[in-house]
Structure formats: structure tokens, C-alpha cells
Amino acid sequence: MLDIRVIRDNPDLVKKGTALKRVEADVDAILALDTQRRSTLTRADELKSERNTLSAEVGKLLKARENADDLKERVRQIGEEIKGLDEKADAIDAELRQSLLCVPNLPHESVPEGAGEEDNRVVRHWGEKPTFDFTPRPHWEIGEERGFIRFDQGARVSGSGFIVYAGAGAKLQRGLINFMLDMHVDRHGYREVQTPFLVTRDAMTGTGQLPKFEDQAYRVSEDDLFLIPTAEVPVTNLNREEILNGADLPLNLVCHTPCFRREAGAAGRENRGITRIHQFDKVEMVKVVRPEESYEQLDILLQQAEDVLQALGLHYRVVEICSGDLGFSNSRQFDLEVWAPGMDRYLEVSSCSNFTDYQARRMNMRFRREAKAKPEFVHTLNGSGLALPRTMIAVLEGYQQADGSIRVPEALRGFMGSDAI
RNA sequence: GGAGAGGUGGCCGAGUGGUUGAAGGCGACCGCCUCGAAAGCGGUUAAACCGUUUAAACCCGGUUUCCGGGGUUCGAAUCCCCGCCUCUCCGCCA
């Protein structure tokens, strides 16, 4: 969330930023609550100060075996008044926090202005679209025909939007996961973690999925836990409520998890095959860094995600996300879109974002530069490296051959033990 | 799931109703000593919020916080209730 002081001191800046993001946020209501909160707090504090003084006097009187009944009664009355003010302050506080949680992060000044997806900017391309001497087929045809992807069995077990990988398809996904993890660990210097897939409401709130987007998450109501929509949630929250040692930054963490998304209202034409399913695997990179280096780290993160696609020999483009399409908690974001020849379109396989101190403030995650320095909020970033289904699509469609077999990308041959499946 | 024990500052660990934000130790930082270091000696060492001030901040005044939430009391780290977490034993189980 945003620093209330920033909102207090620069309300217009905040209004401008949220407008750029095309998000409604009632800044004036927040300012009013803030003023109310402070005046209530000031009055309560004064009374508490008085109570503390008088209480000490009661103690002295009692110790001297003198009567303190009158004083006691007076303090009791003050106590009641304090109780009322505290309750009021708590109520205002809760309301203020709720409002604050619904204000998005502000876009970085470099972010192009735009209303939505259509205004995103293609920054560059890498590689070239593969050419075929036959009409490349979409992955759902290939996958079904070869038994790599069992849509029927996924639906049978869990309903529509769930799939089963089988045989060489299952092994291919496993190979991709290993390949990605190894690259980030061995080459990019990340530390691998394995986290829970069910997280608390606090964790979901910390990274920004809640309270605004609860309808997108699977929830286990019995325990009020949520199935993670991305490893970003458990991994970023790993050090919440902590003051980190500045010498330990930046933290570079990589994690493979399944991701669960309800995708309410997203069924249909655009999402045929496995482009958008309720459960998919993803390798995610998370960085926790010093504030002054977060934008530089975003470039590094993006490059590291690109490295995976390049190593797999997949043509892709880098897209800079405009203000109106920017994620709720993001200040700047680049997507990687891989080419899927069978579908004849680009697919988002990675999203690399800087969250500045927005998540850190929600999670209360800070660091100390030096031994006695004041704690400061860290900056957090994350990027997919990569989402598996769409990588799978690009491989199946991009490496398909006329006879229906799939060439195995060089990088995966050692693992697969063959050069075609 | 059942029974018991426990959750105090960066860490260890005192503290059972009134100058305890919290003894003592460790660690860290500063200074002295030293050619330098170690040892030794002295000092410093929680966070948030409100107010004041300011270019911003420090300082200063106040409040809160000893797992979280309620309660008792003039006053709670200390007493009571609920919850969460950790450990031990039992049960169960990949």
C-alpha cells in the first residue's frame, strides 16, 4: 500500500497516478479519515498521559497508607473516556486501512500512458517465427492426438479447465521445470525454495491479491486458507514482518509451484487448449532488494526470464505494459510473449514487475542498511521464469513436424534422452 | 485429534500487580589502549504512532507495544478467558 504521508502531502500525485492506472480510489475520503484518526489519537493520548500520572499518584498514596478513593474514581472516569476514544480510533483505523489496501501502487514515470492492453508497447523481438512446409497445427490437436495432453481425463477428474499431462507430455513438462530451475540456480544465482501451496489471508493481502480480487482465488473456507495463484505469494511473504540485514540483500529466490486460478468469467474462444486453465505449473523468480536498485534489478530479472526462452530457441517479443494495463501492485511491468505458430499468435509466458515498496509496506518487510540505521522498506520484484503451459504450447507448436512428432529442443535433449517425441 | 509445557528486546535469559521498555549475558556499534589486532576498560544499542520542528530529518514532548484478541484493576509482561504458534508424550498417517 501507499505511505499515508505521501497521500497526505501529495494527494494530487496519487489521484493522477490512480487515474493513469484506470483505478477508482477515493483519495479525499482517505484524507478525511486520516484527519479524523489523528485528532482522535491526540485526544486519547492526552488522556492516557493524564491517567498514567494520576495512577502513579494513587500508588504513592496507597503506599503511604492514605485514602485514594476520590482519585481512583477520577481515574476510572478518565479510563472510560479513553476506552470510548480508543474504540473510535480503532474503527477509523480499520476503515482507513481497508481503503488504503484498495489504492493501487502508482505507475513509474517512465510507464507509457494508455487505457488498456491495446496500448502496450512492443519493445523488441528475439529470434524469428519458425517456418513450416505444412500448416502448423494447434497444440490441442497435437496434444490430444499424441496423448500428451488428456483434456478428457482432466475434465473427468476435476471439471473443465483442468488437464492431465501424460507420457512424453508429462516428462516434457518435468524436463522444462528442471531446466528452468537449474538455469536460475546455477547460472543466475538464485536460491531455490519450496513453499506451501495454501496460504493465509494475510499472505494474500501482503502481495495484493486481497482484498480486491478474492473472487479470483480458490479458498478453503474451513481454514480460511487460499490456494496460491502464483508462487509470488508464499515466496514474497517469506520474510514478512521482518527487519532484514542490509548485507543480505538482494534476496534472489526461485520456486516451482502449481498455481490455482478460478479465472471467473474468462472461459471462451481466446483460451482454447491449455492457454488458460485453473491449475498450471510455473517457475517464479522473486527479488527482495534495496530501494535504489529496484529498477536496475527489474532489467536483470527480465533478462533472466528471456534467457530461458532463448535457450529453448523460442521466438518471442518483449512488451512494456502501459499504465492502464499495469497490475494492481506494480509500478512497472514487462511481459514476454512467446510465439505459438499453431495458434498464430503471441502468448504471455512471463510477467516481470517491480512493486517498489508497495508490497513491502503491506507485509511490513523492512531492512537495515547498517547496524544502527533506521529500518526502511525493501522493494520487491517478481517475474515468471516461466509459466509452463504456454511454454509447452510454444514447444509443441513450434517444434512440430509433418509426421506429428515433436523435435526436442537442444537444451532438453539430455533430460529427455531423445531428440524427438 | 488427546494430554502436558512454553511463547519477553538481534539472540540467550531474569522478571507474578506500581519509576520494568523491561536486570544480567551474548552479539553489534563508537571510544580508549595498540604499530595493528586480540584481550581489557568505558559508552551506545527496539519499533510504530501522535505532536512540535524542518527543505527533509535529527533532537524534543507524549502514547502504544513483553505471541494476538478480550477481561479484571486507579494501574497488567505479571491475574482471568479465548485464539494462534512452538516443544514433549500418546493416537493417527503419506
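Reckoned from all heavy atoms, side chains included, excluding hydrogens, waters and symmetry mates. All chains are named by letter (A, B, ...) in the order of the sequence lines, taking the proteins before the strands, and each is independently numbered beginning at 1.
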Exercise for the section: Identify the nucleotide, in any strand shown, that forms a Watson-Crick or G-U wobble pair with rG1(B), with both distances under 3.5 Å; if there is none, say none. Expected result: rC90(B)
Handout entry: Side-chain N,O (N52(A)) to OP1/OP2 (rU64(B)) below 4.0 Å
Key = yes
Problem - Identified pairing partner of rU16(B), criterion: Watson-Crick or G-U wobble below 3.5 Å - result: none
Practice task
For rG6(B), give its Watson-Crick or G-U wobble partner with both distances under 3.5 Å, or none.
Solution key: rC85(B)
Handout entry: T257(A) side chain to D281(A) side chain, donor-acceptor N/O pair below 3.5 angstrom
Key = no
Handout entry: Residue S49(A), side-chain atoms from C-beta onward, closest of rG71(B), rG62(B), rC50(B)
Key = rG62(B)
Fill in the blank from the handout: Which of N239(A), L238(A), I243(A) passes side chain to side chain contact (heavy atoms under 4.5 Å, CB included) with M365(A)? Answer is N239(A)
Handout entry: Side chain of K72(A) (C-beta onward), nearest among rC74(B), rA47(B), rU63(B)
Key = rC74(B)
Practice task
Select base, sugar-phosphate, or nothing to describe what K374(A) touches, counting heavy atoms under 4.0 Å on all strands.
Solution key: sugar-phosphate
Exercise for the section: Have a look at R97(A) and say if it touches a base, only the backbone sugar-phosphate, or nothing, with a 4.0 Å heavy-atom cut-off. Expected result: nothing
Handout entry: Nearest-angstrom distance, P atom, rA28(B) to rC84(B)
Key = 39 Å
Practice task
Quick one: label I78(A) by what it contacts on the DNA or RNA (base, sugar-phosphate, nothing), any heavy atom closer than 4.0 Å.
Solution key: nothing
Practice task
Looking only at side-chain atoms of R366(A), point me to the closest of rG71(B), rA48(B), rC74(B).
Solution key: rA48(B)
Practice task
Could you let me know what rU72(B) is paired to, Watson-Crick or G-U wobble, both distances under 3.5 Å, or none if it's on its own?
Solution key: none
Fill in the blank from the handout: Answer for the Watson-Crick or wobble partner of rA56(B), both distances under 3.5 Å, is none
Exercise for the section: Could you point out which residue of V288(A), V286(A), N330(A), N354(A) forms a side chain to side chain contact (heavy atoms under 4.5 Å, CB included) with N382(A)? Expected result: V286(A)
Practice task
When you get a sec, tell me which of rA46(B), rU64(B), rG18(B) is the closest nucleotide to the side chain of V58(A)?
Solution key: rG18(B)
Problem - R74(A) vs rC74(B): side-chain N/O to OP1/OP2 distance below 4.0 Å - result: no
